[in-house]
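None of the values given here were measured: they were computed from a predicted structure.
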Amino acid sequence: MLSSAWLLVVALLSSSCCVAAPGPRPVSAGQSITLQRRTPSARSVEDWAAWAQNEREFLTNRYGGTSKKRSEGSNLLTNQNADSSFYGSLAIGTPPVSFDVILDTGSADLWVADTSCTLGCSQIAVFDATSSSTFKNLSQPFDITYGSGQAVGSLGEDVVQMAGFSVPNQAFAVVDEVSSGLLTSPVSGLLGLGWQTISASGYPPFWQTLVSSGAWTDPLMSFQLTRFINGTNVQANEPGGTFTMGFVNSSLYTGSIDYQSLVTTPSFWLLSLTSMTVQGTSITLPTGSSAYAAIDTGTTLVGGPSSAIQNIYAQIPGSQPGTGSWTGYYSYPCTTAVNVAISFGGPSWSVSPADFQLTQISSTQCIGAFFELSTGGSAPTWVVGDTFLLHRLQKNVYSVFRYNPPAVGFAELSETALAMNGVNGNPPSATIGSVAATATAGGSSGSSNSANRQSVGAGAIIAALASVVGVLL
């Protein structure tokens, strides 16, 4: 039987769409009353979708069913060494301990330095497995190699929390050896945001467990990254922007998001580099799989095949191949304004001359931001890093990585987001928030994948600049 409270709710809901038109005198029992239906206001498809979702959850909860709660989360980022890398925070273990980790869409494993780490991990927070009551040793070795270094250790399993989400049995690596320069204090490790198919451990990445279980309101994650490379009085760590899971922050971009579908079965976040112009001249680019470009937030610049890079600099008078530490790069006269535009099948993104210039190495010569990259096996031919694509565009972009259907999207940053560029401030501290949604991870895919990533990380770029120019970016 419906309660009196429910009848009252029905009466109130009914009044929202109908109004009574009483006669000139009181209505007595047994008489009919003429009702007039109010003309409803037009609803968009999005309005109907929101109404339908709320209605289903309301009735499911009222009548004793179960409804899966979906959520959204944000993680404030830190800009490290003037756009060289970007890191956020997460928590591991019981009780949870917070760590700063680089966010990397070009790999798919989570790892942090362990208390037993003896190489490349000084002056950073380390994970102590003995202090977590929920840690489980998986007794499996772990080894991953990046373009700028290597991390070696073993696999474990524990509770991992980030931005209000939790996975109670997340596989991750505790490493005891890290290549020099791969980690810069206070960063303790790396969170891979690529797909399980490229996971060195073979286990599902944190983000993929959450989205595949339906924990996110929308099946996507996004980045808004700040820019400090041309700033003044830049500190080692500055406010870095926002990483979101389960939604896009509409206050941080303007216009629509242009989504381009991934060109292969998801592994890296691969798009096809369809066109490029330099100084107004169209550049001949490789086609087919040779045009695949990984959108990689863990890489600093943009690398491509030698033939294409040579074609780019052939349009710049006075350019010449670099030597020594600059092998694979090109120098060109600093007085030359270089204009580049690239497209992944949608809008063409223009690159300003100031942003094409990586650094100045003499009174007249500068180094360009494109370099020759040799990849092997199934690795993509192009690697497009965050310091270039996400910050060096003339119109900076808001980037979205969508799980289903698999795609990468870009939109122009809003004035609100652009106003954050170059504004000095205290970087966010690693914190532990409350958990709003939990998902359980699946097991290993059965075999580990190639752990080699052809990328140029922050450590390699900074080392090269320090040795050749004598300054840090």
Side-chain angles (χ1 to χ4, degrees), residues 78-89 99-104 106-129 141-155 172-192 200-201 229 234-238 240 296-301 303 322 324-329 358-359 361 367 371 373-375 379 383 385-387 427 430 450-473:
T78 297
N79 185 322
Q80 191 172 43
N81 293 325
D83 304 356
S84 290
S85 64
F86 294 82
Y87 65 82
S89 64
F99 297 94
D100 290 318
V101 291
I102 294 171
L103 304 185
D104 179 21
S107 66
D109 293 278
L110 167 62
W111 58 265
V112 292
D114 181 61
T115 52
S116 61
C117 187
T118 58
L119 180 65
C121 44
S122 62
Q123 300 181 334
I124 63 174
V126 292
F127 176 72
D128 184 358
F142 176 80
D143 186 339
I144 188 168
T145 300
Y146 305 87
S148 54
Q150 183 181 24
V152 178
S154 60
L155 293 175
F172 67 104
V174 288
V175 302
D176 47 31
E177 291 184 17
V178 183
S179 295
S180 177
L182 191 58
L183 296 180
T184 302
S185 179
V187 174
S188 298
L190 183 145
L191 175 64
S201 67
I229 196 168
V234 178
Q235 303 301 307
N237 296 307
E238 296 279 8
D296 185 351
T297 61
T299 296
T300 308
L301 300 174
S325 297
W326 291 114
T327 298
Y329 290 82
L358 172 60
T359 190
I361 59 173
I367 293 292
F371 66 95
L373 177 66
S374 298
T375 60
V383 177
D386 53 34
T387 309
S450 171
N452 291 313
R453 285 188 60 233
Q454 297 295 332
S455 63
V456 175
I461 293 298
I462 294 175
L465 291 175
S467 63
V468 178
V469 188
V471 297
L472 285 176
L473 275 178

- Message: Measuring from atom OG1 of T78 to atom CD1 of I102, what distance do you get when rounded to the nearest 0.5 angstrom?
- Response: 11.5 Å

- Note on the structure: Rounded to the nearest 0.5 angstrom, the CG-OG distance for N79 and S84 is 8.0 Å

- Rounded to the nearest 0.5 Å, what's the gap from CG on L190 to OG on S107? Could you check? 4.5 Å

- Message: Restricting to side chain to side chain contact (heavy atoms under 4.5 Å, CB included), what partner residues turn up for P186, sequence neighbours left out?
- Response: Q80, Y87, D100, N237

- Which pair of heavy atoms, one from D143 and one from A200, lies closest together, and at what distance? O-CB, 4.2 Å

- Which is it for V112 and F172 under the side chain to side chain contact (heavy atoms under 4.5 Å, CB included) test, yes or no, and what are the steps along the way? CA-CA 8 Å; V112 292; F172 67 104; 4.1 Å; yes

- Message: Contact between Y329 and T359 at the side-chain level, heavy atoms closer than 4.5 Å - yes or no?
- Response: no

- Message: Using the ring-ring contact (aromatic ring centres under 6.0 Å, His included) criterion, which residues pair with F99? Sequence neighbours excluded.
- Response: none

- Item | Exercise: identify the closest heavy-atom pair between I124 and A113 | CD1-CB, 3.9 Å

- Interatomic distance, CG@L103 vs OG@S85, rounded to 0.5 Å, equals 10.0 Å

Enumerate donor-acceptor pairs with a distance under 3.5 Å from any side-chain N or O in residues 174-183 to protein atoms, sequence neighbours excluded.
{"unit_1": "S179", "atom_1": "OG", "unit_2": "Q150", "atom_2": "N", "d": "2.7"}
{"unit_1": "S179", "atom_1": "OG", "unit_2": "Q150", "atom_2": "O", "d": "3.4"}

- Note on the structure: d(W111 CH2, S188 OG) to nearest 0.5 Å is 9.5 Å

- Item | Validation row: L358, F371 side chains within 4.5 angstrom (heavy atoms) | no

- Note on the structure: One should read off an interatomic distance between D109 CG and F142 CZ, to the nearest 0.5 angstrom, of 4.5 Å

- Pairs flagged by side chain to side chain donor-acceptor pair (under 3.5 Å) wherever residues 116-126 is involved - sequence neighbours left out: D114-S116

